[in-house]
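Structure record follows, encoded as structure tokens.
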Amino acid sequence: MTKTAGAEGRTSSAVKKKKDLKQSRNRKKKEFWKKHPKIAATEAGIKKVNPVLPPKDPQEFSSNWKALQALLKPESNSPVSAETKPTKKTDKGSKKEEKVNGKEKPEPKPKTSAPKTNGRVRESPTADKGVTDPETGDGRKGAKKRKLPEHRKLSMDPKKKPSEESVAAPPKIDLWFDDVDPDDIEAALGAEAGQIARRMQGLPEDKVDAVDRVLVKDRAFEGLTRTVAMDCEMVGVGTDGEESILARVSIVNQFGKCVYDKFVKPTERVTDYRTAVSGIRPQDIKNGEDFKVVQKEVAEILNGRILVGHAVHNDLKIFFLDHPKKATRDTQKYKPFKQRVKCGRPSLKLLCEKILNVKVQTGEHSSVQDAQAAMRLYTMEKKNWEAAIKAKFNHAKNETRKDKPQQSTTISSS
């Protein structure tokens with residue numbers, strides 16, 4: 001009985017110990033969860049706090065916010081000089097430069113903790129490569145810095161005010177023209193509208209440049225060629241100014257380059273300068289070259305060359321010069337030109353407008369431009385023109401040979 005009683009006592013004490021241990025564990029759990037912030041907040045009846053709104057009054061701003069506002073504010077009328085700015089006091093004892101073996105000890109950089117994701121430390125991409133350069137955008141060591149353009153630097157710097165140049169210009173009005181002649185637009189709406197129309201159609205804005213592009217060959221030989229074109233300007237003399245004398249002569253080469261251009265001193269009193277047409281003024285011919293000198297120089301240039309011109313017989317007449325008909329090319333008398341414009345005696349202005357699509361002689365005439373226009377008309381038809389002249393003279397030569405009587409040799413009897 002004693003043995004059984006002792007065994008029961010031991011089992012009851014073990015069960016009691018287990019209960020006490022279990023109770024102590026439950027008590028510790030309750031105390032732990034009571035101290036937990038979520039449960040403590042619910043038990044204390046603390047309600048959720050509304051989010052803190054940004055400060056409204058100046059007194060609520062923090063020191064950092066005030067410093068940022070001071071940087072963003074524009075400079076006042078009386079800026080504080082560098083001398084009056086308070087200087088930061090440095091602790092000499094704490095910030096003394098330490099020298100080890102004659103070299104300055106570099107200041108230790110503060111360690112920055114890497115960001116964590118899901119409880120694990122994430123390796124920063126710039127940990128081994130170094131800090132990326134804001135100007136270059138490259139984190140590699142020894143990488144060359146690329147300089148940003150000035151307009152990007154200005155846009156990135158918040159301290160600098162935008163200048164007047166950086167302000168975007170107002171958009172230009174997009175005008176549209178449907179195959180309208182810019183000269184007609186200029187006559188109707190003004191010079192500015194004509195320039196806009198030429199720009200929209202890809203034409204030069206200046207009329208002179210547009211004409212020169214057609215009549216003159218760029219980067220061409222500027223000396224004398226086998227073919228030259230001549231044009232003269234004349235003034236009126238006599239009582240009514242109906243008689244003409246030479247005032248200016250211009251000669252261009254085959255590519256439209258001017259090789260000779262001189263004003264001629266009048267040999268008689270000028271009664272009509274014809275400035276509206278000739279473009280000659282008294283000061284132009286007052287100190288001009290002597291007629292005899294110009295006549296000799298022009299004769300030397302024309303000798304042995306093909307002469308091109310418009311009604312060129314008038315120019316030769318005013319010089320008292322002759323030129324072989326075989327070496328003369330007159331654009332007024334060329335039959336294909338007369339057929340194309342349907343005119344018996346077409347003017348140079350009409351030929352240029354219909355064939356070259358260029359307007360000349362719109363105001364005062366220029367002997368240089370007229371000679372260039374005549375040469376351009378000739379070079380366009382040079383191949384056909386020369387072939388026709390060659391065939392014409394060959395035919396005439398054959399006819400003259402047929403018309404000659406055959407000479408028979410007779411033996412005289414003695």
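In this text, all values refer to a predicted model and were calculated from it rather than measured experimentally.
- Rounded to the nearest 0.5 angstrom, Ile280 CD1 and Asp272 CG are separated by 12.0 Å.
- Ion pairing of Arg340 with Glu381 is present here, as a side-chain N (NZ or NE/NH1/NH2) and a carboxylate O approach within less than 4.0 Å.
- No side-chain N or O of Arg27 forms a donor-acceptor pair with one of Ser24 less than 3.5 Å apart.
- A donor atom on one side chain and an acceptor atom on the other are not found under 3.5 Å apart for Thr225 and Arg305.
- A distance of 8.0 Å separates OG1 in Thr271 from CG in Asp240, rounded to the nearest 0.5 Å.
- Within the 3.5 Å criterion, the main-chain N or O of Lys257 finds a donor-acceptor partner in the side chain of Asn253.
- Between the side chains of Asp231 and Ser250, no donor-acceptor pair is found at a separation under 3.5 Å.
- Two residues are said to be in side-chain contact when any heavy atoms from C-beta on lie closer than 4.5 Å; Glu353 and Val360 fail this criterion.
- Side-chain atoms of Arg376 come within 3.5 Å of backbone N or O of Val214 as a donor-acceptor pair.
- The neighbour count for Lys354 NZ, taken as heavy atoms of other residues, nucleotides or ligands under 6.0 Å away, does not exceed 12.
- Using a 4.5 Å heavy-atom cutoff, the side chains of Val228 and Val252 are not in contact.
- Side-chain atoms of Asn303 do not come within 3.5 Å of backbone N or O of Ala299 as any donor-acceptor pair.
- Of the possible polar contacts, none joining the Arg269 side chain to the Pro266 backbone as a donor-acceptor pair under 3.5 Å is found.
- With respect to the salt-bridge test (charged N to carboxylate O, under 4.0 angstrom), the residues Glu233 and Arg274 do not qualify.
- Looking at Thr328 and His313, their side chains never come closer than 4.5 Å, going by heavy atoms from C-beta outward.
- Between Val293 and Asp290 the shortest side-chain heavy-atom distance falls below 4.5 Å.
- Here the CG-NE2 distance, from Leu348 to His365, works out to 9.0 Å after rounding to the nearest 0.5 Å.
- Panel note: side chain Gln372, backbone Gly256; a donor-acceptor pair is recorded below 3.5 Å.
- With rounding to the nearest 0.5 angstrom, the NE2 atom of His323 is 5.0 Å from the CG atom of Leu307.
- Of the candidates Leu356, Val368, Asp370, Leu356 is the only one forming a side-chain contact (heavy atoms from CB on, under 4.5 Å) with Leu215.
- In this view, Tyr273 satisfies the ring-ring contact (aromatic ring centres under 6.0 Å, His included) rule with no residue, not counting sequence neighbours.
- The backbone N or O of Pro346 sits less than 3.5 Å from a side-chain atom of His310, completing a donor-acceptor pair.
- Under the 30°/60° scheme for interplanar angles, the aromatic rings of Tyr334 and Trp385 are found to lie parallel.
- Two residues are said to be in side-chain contact when any heavy atoms from C-beta on lie closer than 4.5 Å; Val264 and Arg248 fail this criterion.
- Side chains of Leu302 and Leu316 form a contact here, defined as non-hydrogen atoms less than 4.5 Å apart.
- Annotation: side chain of Ile355 is in contact with side chain of Phe337 (closest heavy-atom distance under 4.5 Å).
- Within 6.0 Å of atom CG in Asp322, 12 or fewer heavy atoms from other residues, nucleotides or ligands are found, so the atom counts as exposed in its surroundings.
- When atom types are taken as modelled, the side chain of Ser367 and the backbone of Cys232 share no donor-acceptor pair closer than 3.5 angstrom.
- Judged by the 6.0 Å and 45° rule, Lys265 forms no cation-pi pair with Phe291.
- Counting heavy atoms from C-beta on, the side chains of Arg345 and Lys333 never come closer than 4.5 Å.
- The two residues Val270 and Gly236 have their closest heavy-atom pair at CG1-O, 3.5 Å.
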